[in-house]
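Let me begin by presenting the structure, written as structure tokens, before commenting on it.
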Amino acid sequence: MCRIGAIKSKVAFHPSLALHLMLPQQEGHDNSGFAMVMQDLEGVFANYKDKPLLSMACTQKGAALVEHFMETNNFTPVYEWIPRGVRQPGLDIKAMPYYIFRAYDYPEYYRTATPEAKAELLLDTRLALRVLLENEDQGYVYSFWPDVLTLKEIGDPRDIAVYFKLWDNTGELMAKNIVVQCRQNTNYEIVRYAAHPFFLQGYTLCANGENTFYTKNKEYQKPLHRGYIGFESDSQNFLYTLHYVLNVLKWPIKYYKHVITPLPFDEIAKRPDHRELTAIRQSLGHLEINGPNTIIAMLPDGRMVTCCDSKKLRPVVVGSDGTMIAISSEVCGLNQIMPGRNQEQDIYPNEREVVVITPDLEVERWKQ
Amino acid sequence: MEAVKVQDVSVNDLPWKLQYSSERCTMCGSCVAACTFNAIEAVMERRSVTVSTGHQPDPSQRHLAIPVIKQRAAVANACVGCGMCEKVCPNNAIKPVRNPDSRINYLNRSGGATVKRGGRNNLGNNERTLDKIVVGRISQMTDPALDSERHTFDILAPFGRVLLPHELPLTSDGNELTLSGHTPPVNWIYPVIFSDMSIGALSTRAWEAVAIATAYLNEKHKLPVRMSSGEGGMPIKLLRSEYLKYMILQIASGHFGWNRIVQAMPHMQADPAGILIKIGQGAKPGDGGLLPAAKVSKPVQSIRGVPKADLLSPPNHQGLYSIEESVQKMFMSMNAAFKFRVPVAIKCAASATSVSVYNNLLRDPYKICGGFFLDGIQGGTGAANEVSLDHTGHPVVSKTRECYLAAVKQGRQGQIPLWAGGGLGLTGNAAADAFKMICLGANGIFLGKILIQLCGCVGNELGRCNACNTGNCPAGICTQNPRLVKRLDIDKAAQNIVDYMLALDSELKKLMAPVGNSSLPVGRSDALVTTDRAIADKLAIQYVC
Ligand code: SF4
Ligand code: SF4
């Protein structure tokens, strides 16, 4: 079972902190991979916050394909950061030749476009790049979005960190938000795309557990949006539903939980908003998620959200020291990075609860 | 001695022969009284008896005329093997035995008429598709099973048209959604409906037993089971009572009973749970309904407003030209009758064309159809031509699956709830059948025959009894003969149905628990596996060995 976590801080921090959050939970993952999404970047990308940032892993040919594609589509590269891996023997990592993090300028005729039009362009571009690389088996593209950086790799998280020099805080990679996962690859072939967090148009999501309604979720989601592709993991469904509820239907955040773990009918009947909740439950029945799960999500506006399944079969804990809030599958991770915090204020969300952390680190909690 | 022609019917030509032992028989007459088919009679036979009564053997032969029970050698009075005689005989002197040499198929078409029979067909003799499917996904540590005894389950299915999320009249203030405007009515009910068996097909008392069981399950056990009236309406008292909310009113092509329903409308205290428009049925596809005159009793006449005559429902709704038009019809009936408060569904015979019909309904711009009932071969009481029963019809499993997958293709799964029936529960394990059908995409199932079996029907798929069309039902279920109807103990029948449903409910939970679902696993085909490759391919489920 994967372990997942997230850190949100008032001051930018280095990914080594995320590793320190995750590694104490090591008995919970099988060292088959590590992935993280960083948002609100500082360090080398501090000056390019409004530029879409492409995160990919590829071969030399893949890099050339992408360069050519971006050029023909009028994206101009403005800055790139290419980590040079430490290729020392004995590291458990199946590294790709290149990891490219490159910020682009929008095509000229898009510079004045609406945010929605830009969002569509970025999605289409990423999807096209994915197909391009996939067809030739030349690499993977994880995200293409302003101020968002994604790193995914197969192997032992410690060795991955060594390879990318993630243990040394050089100040290059810094962010105020990180969502992170150490992987246990139970159901699927070990493919790079299967590593959480998943990302779509500003929405980032990590989940651990199982989604027993995967088949029906997938069958329903596939035609809903062109961005709902891949399905390399049964928890990708969580992201697509989040995106669908917030971005497509434009419903308030509180209804996400009502969609994925609807209240039982007899409880709905007792509520003053029973008409709305019934309509939602019956209309979106195929997006319900059954099975034990914890979700950690990051929204485009930087808010972080966490909740768990309707039976609390997978717990999650939220802890804070005033300047930083972290969410983690297990409390040992929090103890590692925030030993001085007041543990009595840790939050263990219950099966019907949603916790949202605002950009100002305010914590909102409510019952579904 | 009378001359005998080779064409004469003998007992050995009939499907059942009676094994009778005159030594055990005390001539109490119970069997003759019990036999509703007049298959046996008391006659005098000449017997020769050898007796010796003295101290020394001194046999003497006597010729006596003694009364015996004899099977009639007539097709019209052929024994149906119901076993009532055996049941009532205090001395074990008589029982029906299947006759493998029966010539009944040659004999009973004499007169040029097609044979009619109660509703059982020959497909049931083979191993069923559903029995070759098992629940193969078992939750373990990472994906915990739910423990059917301790967890709460949320077992309800929709009856009514469901809208796509973006079609819902919801407005957002940024924090709350508010539903403004009308949405089609949807009733969430138990995923097992008591199927449409009319008063007429069933005796008034058998129908009442099912209705009592329905009310009891709802009121006492909070199991929201709904019962479909069947064609022909229902008693005024029920129409005007609160209990109407547990009933789904059926309108079939004969429109029998609707006069009364329409007249009762102003006096109704509750809305019915739904309307079911019967376009077709699985038991006698291509024929309409047929209630033989023998079963059109006084109460039936008054409920339906008809004379004592064969009541034939046309095979289709007269005046309806197409599916589009029938959708319009639903629109009108719903609008006019119940002011958009009652969901309206249709029932069709499973057929090679079911998917086209379903597709058509899914795309209906009025979004009216509130349920698609697919009725497979193997359903039915009443009368059907034997040749129809045995040789027409369509299995329901693959058709339900195809309809579901067709909806998936359009992104409209769940919009028109799928209900499947026809042979479900045939082996007595309705929960397993229901669960598998739901995993394949049905929202729920409907059961008919198993209910009459719970009332005490002795018929089976191997040709035992199946005389529901004759008006002579030995169990008092499918007859209107007042003497026979009294044989049915209504309370016991209702109790059996209630008990069965309670067991079914726990069994359903026992099936939901291992796959880790607390709500119905509609479309969870990944939970099913089969060792039959053809079934795996056809239903798109896993092949295992
Ligand atoms: S088995 Fe039924 S039909 Fe046959 S003789 Fe006995 S009672 Fe009559
Ligand atoms: S017992 Fe009655 S209901 Fe059952 S098969 Fe015979 S006639 Fe039909």
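Note on naming: letters A, B, ... go to the chains in the order of the sequence lines (proteins, then strands), and numbering restarts at 1 for each one.
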Region of [X] in contact with chain B, defined by heavy-atom distances below 4.5 Å:
X	result
A:Lys311	side chain
A:Gln221	neither
A:Pro264	both
A:Thr278	side chain
A:Ile289	neither
A:Phe265	both

Which portion of [X] sits near chain A, non-hydrogen atoms under 4.5 angstrom:
X	value
B:Leu146	side chain
B:Leu170	side chain
B:Glu176	both
B:Ser518	both
B:Pro158	neither
B:Leu168	side chain

What pair of heavy atoms forms the shortest contact from A:Tyr193 to A:Phe198, and how long is it?
O-CE2, 3.2 Å
For residues B:Phe372 and B:Ile416, report the shortest heavy-atom separation together with the two atoms involved.
N-CG2, 3.7 Å
Quick check for you: to the nearest 0.5 Å, what is the distance between B:Asn517 atom CG and B:Cys439 atom SG?
8.0 Å
Nearest 0.5 Å please: distance from the CZ atom of B:Arg533 over to the OH atom of B:Tyr543.
4.5 Å
Pick from [options]: which one has the most heavy-atom pairs with chain A under 4.5 Å?
options	value
B:Leu164, B:Leu163, B:Thr152, B:Asn175	B:Asn175
B:Gln413, B:Arg412, B:His151	B:Gln413
B:Thr183, B:Val515, B:Thr178	B:Thr178

Is the distance between the ring centroids of A:His225 and A:Tyr228 under 6.0 Å?
yes
Tell me whether the count of non-hydrogen atoms from other residues, nucleotides or ligands lying under 6.0 Å of NZ in B:Lys538 goes above 12.
no
